[in-house]
Amino acid sequence: MDFFDLDKFAVGTPHTEFARLRREQPVSWQSMPAPLQDQGFWLVTRHADICEVARQPKLFISHTGSVLSDAVQIPHPAWQMVRDGLCHLDAPRHSELRRLAVPHFGPEALEKLASAIRQRAAQALDRVTALGHCDLVPELATAFPVRVVFQDLLGFDEADLPMAAYWGDLFNRVHAIPNGDREFGPMMQASGVALERLYQHGVSAFRARRIAPRRDLLSVLAHLEVDGAPISEEEFLSYFWSLAIGAYDTTASTIASGLAALAAHPDQQDLLHARPELVESAVEEMLRWETPVIYFRRTATQDYQLGGQHIRPGDRVVMCFASGNRDDAVFAAPDRFDIERSPNPHLAFGFGAHFCLGARLARLELRVLFEDIVRRGLRFTPTVAPTRARSNFINRIVHMPARVESVEAMDTMSFD
Ligand code: HEM
């Protein structure tokens, strides 16, 4: 398959091609686009093989790059922040920084956020209901998690929210755009400017919160002790980078694609409204069905046999979560959107040492939002086909104009 045909990904994840690879060549050698055409990568498509890679972080490391292009080696502190972002670190530094952060994403920490999350969901739903017809991506799918993550969790000022949303969107897309693609030039230019601002924002946040802590996660992180010493600016920025670009975009993707999946499967939508207790399993199915992060990459450090292939030290190894989530060795009828699916061991949050730190928060946001949607009897009907990002890394609906109706209102309409 041509993994770099981004126009193909712009019409949806290429599940037919992934299914063929799982059957015929579960670990396949794929080439990189120019100017790296003499290089390549292993595309790992089966659930079991993906888990085998992810559970061995010493054999398959992250620091050389988590997307297909290698980590940029520009000697500038902003690029250093990217290279040392939590998801790009390896043990022992990764394990130490992750261990310190884990409690702040646990049940107790989230309990404190729960009422703010409910309020944000209600506000976003009030607004789209009042509009009646709107683009659900900015108005709901983005507006809700941006406020939860950047305002309630991280403590950004209101005025900085649009910029924060722009960062997540831009960096997740620019990451995976190959040199030579028509979007490469403009995106690289925009990201250079944005990266400098993001870095400056992180540095200011660290310094301000060291002096005057607030009631937010950035203040907690700025006062951690690492190996018995106050956390350094670089260590703080490692968290800051991963949270600034990874904490809202993926949740926004799941909301938009979850709403699209319900609209496309009216029987499942009816079932959800009839049995609200299914919200939890429906959210898991949305994450499986439209896996928001298509892949993450590792680099092999030793010779290794996987799926009948010989992987050599230095080889790029791509764990294709979107493919693993449709593997019929694990999921019965994988191409059926089934909100009652149980168990549902999907890989949308990754697996192993780098398993998503914010998975519990993301699940809480998604459950709260869909519970409120069901409580209000809301249905969203796209009025034109959704537009998707041209990306082989992030599966993201970028525009989805839709009509917003409540079940009661629809019943009344048909009654009239
Ligand atoms: C539906 C929403 C989300 C999805 C699908 C998602 C997906 C992922 C995936 C696949 C990884 C694994 C990276 C790897 O294997 O290298 C990851 C890591 C990470 N995620 Fe998420 N994420 C979501 C929401 C969040 C939220 C809400 C936060 C924070 C508030 C967050 C913070 C992180 C961090 C910090 C890491 C790096 C963890 C590490 O390297 O140890 N994510 N995420």
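Both ligands and their constituent atoms are indexed starting at 1 by order of listing. Atom set for the values below is all heavy atoms of this structure, side chains included, hydrogens, waters and symmetry mates excluded.
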message: Whether Glu285 and Arg288 form a salt bridge (side-chain N of Lys/Arg under 4.0 Å from carboxylate O of Asp/Glu) is what I want to check.
response: yes

message: Distance under 4.0 Å to a non-hydrogen atom of Leu243: what atoms of ligand 1 satisfy this?
response: 29 (C)

field: ligand 1 contacted by His88 (non-hydrogen, < 4.0 Å)
entry: no

- line: Restricting to heavy atoms, the pick from Cys87, Cys356, Gly358, Pro57 nearest atom 18 (C) of ligand 1 would be Cys356

message: For atom 33 (C) of ligand 1, which of the options Val102, Ile394, Asp90, Leu357 provides the nearest non-hydrogen atom?
response: Leu357

query: Looking only at N/O atoms, are Ser242 and ligand 1 under 3.5 Å apart anywhere?
result: no

field: Residues Leu97, Leu86; criterion side-chain contact (heavy atoms from CB on, under 4.5 Å); working and verdict
entry: CA-CA 8 Å; Leu97 285 190; Leu86 188 66; 3.8 Å; yes

message: Closer than 4.0 Å to some heavy atom of Leu287 - which atoms of ligand 1 meet that?
response: 1 (C)

statement: Any heavy atom of Arg298 under 4.0 Å from ligand 1? The part involved is side chain

task: Could you tell me whether ligand 1 has any atom less than 4.0 Å away from a heavy atom of Leu86?
output: yes

query: Of all the heavy atoms in Phe105, does at least one lie under 4.0 Å from an atom in ligand 1?
result: yes

- request: Ignoring angles and geometry beyond distance, decide whether Thr254 reaches within less than 3.5 Å of ligand 1 through its nitrogen or oxygen atoms.
  value: no

